[in-house]
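Working notes, beginning with the structure itself.
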Amino acid sequence: MAFSIGILVSFIIFIVIGIGISRKVSSVEEYYVSGRNAGTLLITGSLVASFLSTVAFMGEVGFSYDGYPILLLILTIFNASGYVFGVLFFGKYLRRSKALTLPEYFGKRYNSSKVRTLTAATTIIGVSAYLIAVTQGGAVLLAEILGVKYGVALILMWIVYTSFTTLSGAKGVLVTDTFMFLLFSIATFISIPLIIKAVGGWPGAMMDGASLAARPDLLSWHGITGEGAYMGTPGEALAWAIIMGLVWGFVIAVSPWQTSRYLMAKNEHVAIRSGVIAMISLITLYLFLQIGTSLVSVVNPDIVPSEKVFIWAAQNLLPTGVGVVAVSGILAAAISSCSTFLQLIGNSVTRDLLPKAQEGQLPNKQALKLSRISMFGVSVIILLITFWQPPSVMWIGYFAATLFAASWGPAAFFSIYSKKVTKTAAFWSIIFGFIGVVGGEVLKLLGVTLPIYLHPAIIGFSLSTITIIVVSQFTAVTKEERTFQAHLRKIPVEELDSKEQNLTGRYPYLLMASGILIILITFIFYYLPISKIAL
């Protein structure tokens, strides 16, 4: 009963926040990019909250529980760096474009409605797939806690995130994302030490986990390998972690649900600071989350499906009050991602596909009304699909995200740094990247075993890169493209404020200090107990 009450109270809070903020939304710019005046906390909160969803708190912790926590942490080192590289090499330039959506940016940069429509279509397809996965994960959790049927939980999830997202747009999403970011961060940092204490305390739980018969090599760097395991040899496991880490680094650097947050920042300095803090937050959260949930194996190695491990721990290993906060945090992560994804889909349908809205010809009130109607319509379609598609939280999410790394990555970075890339090259680059990922996944479904270096994301990214380079050699850059690219490379005068520059200049030191601290924590709490077993 306590878990049900806690969840329902958090739902009511989210809806009330959305309704309250919706009264302050009076323009398209506020609805789409929150008036471009958000501070560091709001941008950071939304960056992390929109990334961490049920894919992280259910799919990935289940993967760690199955025997791969360290492998997932290796992956995280690479993907979290996407925040810093993404904002420095793409995000801050994206903000200079003054676009309201990412497809609008691509349309402006390449002076092409075809490129804009194509990126809008891939946004809608890819983000919809991710939204389906996250919604399903939240519904599975909600059904488990409330003791209701999956369909009922699905409708309840849909009502919550659709209501405040449709009403308040980006402004509401930023505030609720930040609230949810704080909630699931607190839940993680309180619950994980208590879970470790419940399974034997430190260093006993760590030593028991490392020598667990039911999960041999649970805490080794490569995880469980060999016959019947996910990964094959230790070398293949490491290659998978590095490759997927790099892929996800590109996802964070260019995906619409991450980079669109920078369009809402008050200035470029806020965007850069947010990227640094988001990277630190993600690595720290994952360090606690993956190690802690994997150690649940010590007391119960038979949780099925493994995606429920954190939920089981919250209900069975934690004090009731802490458990309620933990479960509410998982649901908050799901809802925050759902709201961000729905906002992106609805915005692209309205702003990038409808001709009058695309050209900015609609009056403000009419554009707002149309945006809300489109967003609601999209949410209904997503709801129907989630009823039809069986839940597969982690793998659908991974597939959807890699679409952007492969198809958008080259076109995004070439748009900033190349004077030779053309609209035709960008168009076909996105198409071939998309086909490469989907084709690779189809081969896997047909039973074709691909080596790790031919992961669908690598196939797509390689095709996309080759295409954009080759086609650019045989097509010409227009004057409009050249002018807009030069505009993006020019630092705006307002970004030269000395106080802002000095403050931002301190953030690299913060990043280095946090890295040293994380290394020390890992050495003391993980390496030292494990090394005693080896001796």
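- Expressed to the nearest 0.5 Å, how far CG of Leu287 lies from CG of Leu282 amounts to 11.5 Å.
- Between Tyr507 and Ile277 the shortest side-chain heavy-atom distance falls below 4.5 Å.
- Side-chain atoms of Thr122 come within 3.5 Å of backbone N or O of Thr119 as a donor-acceptor pair.
- Residues Ile491 and Arg96 meet the side-chain proximity criterion, which asks for heavy atoms closer than 4.5 Å.
- A salt bridge (charged side-chain N to carboxylate O under 4.0 Å, His left out) check over residues 273-287, counting only residues at least two apart or in different chains, returns the pairs Arg273-Glu500.
- Between Ile124 and Leu353 there is a side-chain heavy-atom pair separated by less than 4.5 Å.
- Using cut-offs of 30° and 60° for the angle between ring planes, the Tyr110 and Phe106 rings count as parallel.
- In this structure, Lys490 NZ and Leu488 CG are separated by 12.5 Å, a value rounded to the nearest 0.5 Å.
- For the residue pair Thr340 / Ser50, no side-chain donor-acceptor distance below 3.5 Å is found, with atom types taken as modelled.
- For Ser464, the side chain to side chain donor-acceptor pair (under 3.5 Å) criterion is met by Ser429, not counting sequence neighbours.
- Contact annotation: the side chain of Ile291 never approaches that of Phe525 to less than 4.5 Å [non-hydrogen atoms, C-beta and beyond].
- Side-chain contact, Ser46 with Arg261: a donor N or O sits under 3.5 Å from an acceptor N or O.
- Taking the six-membered ring for Trp, Trp257 and Phe341 have ring centres closer than 6.0 Å.
- For Thr101 and Asn347, the side-chain atoms include no donor-acceptor pair closer than 3.5 Å.
- Salt bridge annotation for Glu29-Arg36: present, with a cationic side-chain nitrogen under 4.0 angstrom from a carboxylate oxygen.
- At a cut-off of 3.5 Å, with distance as the only test, a side-chain donor of Tyr83 or Gln258 sits close to an acceptor on the other residue.
- No side-chain heavy atom of Tyr93 sits less than 4.5 Å from a side-chain heavy atom of Ser97.
- Side chains of Trp158 and Ser379: a donor on one and an acceptor on the other come within 3.5 Å.
- To the nearest 0.5 Å, atom CG of residue Leu342 and atom CD1 of residue Ile382 are 8.0 Å apart.
- Below 30°, between 30° and 60°, or above 60°: for Tyr286 and Phe51 the angle between ring planes is between 30° and 60°, a tilted geometry.
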Using atom types as modelled, flag every donor-acceptor pair under 3.5 Å from a side chain in residues 178-195 to any protein atom, sequence neighbours excluded.
| from | atom 1 | to | atom 2 | distance (Å) |
| --- | --- | --- | --- | --- |
| Thr178 | OG1 | Leu42 | O | 3.4 |
| Thr178 | OG1 | Leu174 | O | 2.9 |
| Ser185 | OG | Phe181 | O | 2.7 |
| Thr188 | OG1 | Phe184 | O | 2.8 |
| Ser191 | OG | Ala187 | O | 2.5 |

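- Looking only at side-chain heavy atoms (C-beta outward), Phe90 and Phe413 come within less than 4.5 Å of each other.
- Side-chain contact between Ile416 and Arg109 is absent, with no heavy atoms from C-beta onward closer than 4.5 Å.
- Side-chain atoms of Ser415 and Tyr105 form a donor-acceptor pair, as typed in the model, at a separation below 3.5 Å.
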